[in-house]
Amino acid sequence: MPSVHPATDVRLGRIVRLLMDNATVVVSGTKIAAEIGTSRSEVWRLVQQLRGLGVDVAGHPATGYQLRAVPDLLLPEMMATSLRGTIFGAHAGKQIHHYYKIGSTNSEAMSWAAEGAPEGSVFLAEEQLAGRGRGGHTWHSARLTGIYCSVILRPALPPSDALIFSLAAGLAVRAAVAEVAPQLQPDLKWPNDLLLSGKKFCGILTEMHAEVTRVRHLVVGIGINVNQVKFPAELRDVATSLRIETGTEWSRVELLAALLKSLDREYRQVVDSPGARAAILRRFEESSSSVRGRSVTMEENAGLAGVTEGLDDRGFLRVRTAEGLTTVVSGTVRIDAAGH
Ligand code: BTN
């Protein structure tokens with residue numbers, strides 16, 4: 001359940017926007033109250049709430065308010081211009097939904113999709129209280145440091161194609177990271193992880209509602225560790241962030257805009273061009289150190305172990321085991337330390 005009510009979330013966003021537009025001056029509580037159509041005491045309450053969410057606002061009702069620093073918030077207005085002309089651009093009732101706190105952007109997007117929200121709707125959160133990962137895992141979603149983003153897609157394709165979208169989303173993240181941080185070369189791990197220095201910094205959870213022959217909607221949920229400087233003890237050995245890898249802070253807004261643009265490119269290719277599927281599989285193999293010729297063990301499938309032999313034409317992973325060639329259709333691949 002979101003712990004900031006959506007209507008409040010919109011008002012918080014408008015206050016931040018107003019303070020950003022007037023960054024060099026102190027804005028009076030009266031002016032803010034008039035702009036968002038509320039009372040001065042309510043503005044004070046909302047400002048307190050913003051501070052509680054980590055936005056650095058100076059001042060109080062008597063003096064007015066000013067931002068101490070321009071916050072790197074994933075506000076829809078910050079991305080609107082870059083997204084023009086993409087499936088995520090604002091038109092036909094489509095929206096970018098922004099939440100300061102929410103349970104899970106994927107759960108929210110699935111509910112909106114079931115209610116008929118259009119393709120290209122985007123759901124962004126500054127923090128998730130119940131971020132979900134694949135296989136029933138949780139996704140650590142600390143406030144203001146990561147990107148937590150879900151999008152609704154409605155491809156006119158059969159459900160068997162969903163894996164291709166998921167693989168394409170991994171390629172889109174890789175391209176976006178390379179665009180903002182060209183020194184980084186993320187390694188893709190089948191089906192949906194992105195690694196740096198062998199540790200995970202991005203995961204993708206694709207969920208689907210489908211009939212036997214036709215996808216009704218897909219929700220592609222992407223979590224990227226951007227500016228985390230540390231992780232809880234249980235994740236320390238397996239998780240990393242762009243900041244940990246580079247030693248510098250990154251703009252989440254810039255990375256998210258690059259991500260949505262590259263997701264748009266990948267998606268259009270899969271939907272529009274007949275040769276796209278083979279190209280995606282080839283590019284995935286080229287961008288993954290583990291999809292071919294590595295010793296792996298599946299965490300599920302009763303610990304199935306063998307050497308990877310690339311992807312089949314649907315995107316499933318081929319593994320040569322002692323018993324012969326097996327096709328792995330889901331699960332988590334553990335790359336063995338002394339791999340081939
Ligand atoms: C995984 O690697 O297990 C997938 C992690 C997916 C996390 C993202 S964060 C945004 C979206 N909302 C969620 O609850 N999960 C996905």
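Both ligands and their constituent atoms are indexed starting at 1 by order of listing. None of these values were measured; they are calculated from a predicted model.
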Side chain or backbone, does R132 bring an N or O within less than 3.5 Å of an N or O on ligand 1?
yes
Considering both backbone and side-chain atoms of K200, is one of its nitrogen or oxygen atoms within less than 3.5 Å of a nitrogen or oxygen in ligand 1?
yes
Identify, for [atom], the protein heavy atom at the shortest distance, and state residue, atom and that distance.
atom	value
atom 9 (S) of ligand 1	Q128 NE2, 3.4 Å
atom 5 (C) of ligand 1	W139 CE3, 3.4 Å
atom 10 (C) of ligand 1	T105 OG1, 3.3 Å
atom 3 (O) of ligand 1	R134 N, 2.7 Å
atom 8 (C) of ligand 1	G223 N, 3.6 Å

Enumerate the atoms of ligand 1 whose separation from the nearest heavy atom of [X] is less than 4.0 angstrom.
X	answer
G131	14 (O)
G133	1 (C), 3 (O), 4 (C), 5 (C)
I204	2 (O), 4 (C)
D193	2 (O)
C149	10 (C)

Going by heavy atoms, is H137 under 4.0 Å from ligand 1?
no
Could you establish whether N192 and ligand 1 come within less than 4.0 Å of each other, counting only heavy atoms on the residue side?
no
Among V291, L325, T327, side chain to side chain contact (heavy atoms under 4.5 Å, CB included) partner for E309:
L325
Look at the aromatic rings of [X] and [Y] and report parallel, tilted or perpendicular, splitting at 30° and 60°.
X	Y	answer
Y267	F165	tilted
W112	F123	tilted
Y99	H97	parallel

Under a 3.5 Å threshold, yes or no: a donor from one side chain and an acceptor from the other, between [X] and [Y]?
X	Y	answer
R45	Q48	no
S150	E108	no
T297	D336	yes

From CA spacing to verdict: salt bridge (Lys or Arg N to Asp or Glu O under 4.0 Å), E126, R252:
CA-CA 10 Å; E126 306 293 348; R252 291 181 308 144; 2.7 Å; yes
Over all atoms of both residues, closest heavy-atom pair of V328 and M298:
CG1-CE, 3.4 Å
